[in-house]
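Data first, discussion second: the structure below is written as structure tokens.
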Amino acid sequence: MHAVAATLIKAILGLVDYRGRIQVGGHDARRDGKRARRNIGYVPQEVIFYDWSVQATMAFYATLRRADAGQITALLAQMGLDAHAHKPVPALSGGLRQRLALAVALLGNPPVLLLDEPMANLDAQVRTEYRTLLAELHRQGKTLLFATHRLEEVEALADRVLMLEQGELRAVLTPAALRATLAGDVDMTLRVPAAQRSAALACLNEAGVSAHLNGRGTVVARVGADRKVHLLRTLSGSGVEVIDFELELARRDPQA
Amino acid sequence: MSSAVRKPRKLTQWGVFTMDLTFVWVIAWRELREALRHKWLWFFATGFAVLALALSQAGLATAGYAGLGGFGRTAASLINVILLFAPLIGLSVGAGTLAGDRERGTLTYLMAQPVSRADIFWGKALGAAVAVASALALGFGLAALGLAAARAGRATVYLSLVVYTFLLAFAALAMGFVIGTLARKSAAAIGVALVVWLVLVFAGDLGVMGVTVSLRPSPDALLAMLLVNPLQVFKLGAVYGLRATLDTLGVAGQYAVFRFGAALPWLLAGLLAGWAILCFGLAYALFNRRGDL
């Protein structure tokens, strides 16, 4: 799904050729890309900034986005970056860099924010904070167009969901309808003590659950949406301590 | 949240070019800062400066070659150094500029901003050109200071060499941009740039010699072969600028003087400028292709 969404985002930004027509703020994304992009703040999955300070980075993009210099200070404060203004960008954590990307995207006050899995590389706590920031921007009237494969992000931020598959628009849904459609499976990433990982894996396999260890030392189990609590109880009953867990919509096999 | 909007300082529109000079300057300034941070640019600049200074001092200490002294002697000595350094600096900076940004991922992000491809391309080209010119100016400046302190002869010969050198470096820079536009990886771009440099510096000379010996071409054909290589164009122009003896020009050079007379230096300078314009134009056309990220 993500490759299609990423291509769609690039098309909206006028970075790739495409058939059909995309308009942003009344401007054709292909023929009048510069004006169309003036209406868009873009946040990629992982932004690579130049090796400058936060302040210098903001100043550079403020010029390109024709933003008032006074907006830099306001945005840095809004994103909680004012204390980091003079730090070099590479010294920032991933979460702060994504906040900086959002601050850059908001320069010039564009009505549309285009976000390509902006929280994919963030840990759970930072992701929650980031989602809150986006929800607040949405509440303030920004249009958020974002790609994600996380149901909780869709439910927290989206009014309308476009399901893309194999280069085609499969459906336009509400978040609730999406949950009903995709409720089939979720991936549960379970954090268990290192000494109990093998036992957890064996317990889940014995219970007929498809599970594996991932590279980060967590156990990933794929279960039906209505079997999540059952899975936790099963582990608990076997003496496995679940320290934390994350949920993610199971990626559907395109060949299926 | 403030939403004040700056008006563009100046907008230039020409066909597919939609340039905002404010953006071009900002991107050029960024490019210049990036280029000046590269150690190898300083390595080239320092190497060239040391050689230029050493040659200028040697020129002052020895008798004039072919009747030259001071600035003229230094200019003559510098030609072979420039033939190596100027294309190397231009090609490597040009090849690394776009390919490096593309590889890091910063180019896509820059293109996602409300700027045109023309703003980005010409901003980068301008910044890289200033960086290359600065690196060369350091060497020329140091040598000129030494010579001026010794009140050594006419500076016009030296200035003519400086102009030809800058034109050669910009032509090489533009060729580097063509390479950098096509390459996906910075290392590949630099590698191809070095191969092109080797071909221009060595194979060009040897090729002309080989063809001359084996095919005995007509003077027109021999001159044409020289003029398609910007390094040979530079050499001819720089040697002509010394206004020393005609035999230093070689057979083809003497024939060029015979054919074009006083217009020769303008023709040679025009050819170098033409190389730069042609290659920058080609690089821009390639860069402007949709989906070329």
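Chain naming here is simple, since letters A, B, ... match the order of the sequence lines and numbering starts at 1 in each. Values in this document were obtained by computation on a predicted structure and should not be read as measured data.
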Option that, when pairs with chain B are counted at under 4.5 Å, heavy atom only, ranks first among Trp52(A), Tyr18(A), Tyr42(A): Trp52(A)
Option passing side chain to side chain contact (heavy atoms under 4.5 Å, CB included) with Leu64(A) (candidates Ile120(B), Leu110(B), Asp20(B), Thr22(B)): Leu110(B)
Interchain contact, Asp51(A) with chain B, by part (heavy-atom threshold 4.5 Å): both
Contact winner vs chain B - Ile48(A), Leu13(A), Leu107(A), Ile9(A), heavy-atom pairs under 4.5 Å: Ile48(A)
Pair Phe121(B) + Phe177(B): ring centers closer than 6.0 Å: yes
Glu248(A) and His149(A): CA distance, side-chain angles, deciding distance, side-chain hydrogen bond (donor to acceptor under 3.5 Å, both in side chains) verdict: CA-CA 7 Å; Glu248(A) 199 172 309; His149(A) 60 269; 2.9 Å; yes
Proximity breakdown for Phe49(A) and chain B, heavy-atom pairs closer than 4.5 Å: both
Test side chain to side chain contact (heavy atoms under 4.5 Å, CB included) applied to Ile12(A) and Ile22(A), Val112(A), Thr7(A), the passing residue: Ile22(A)
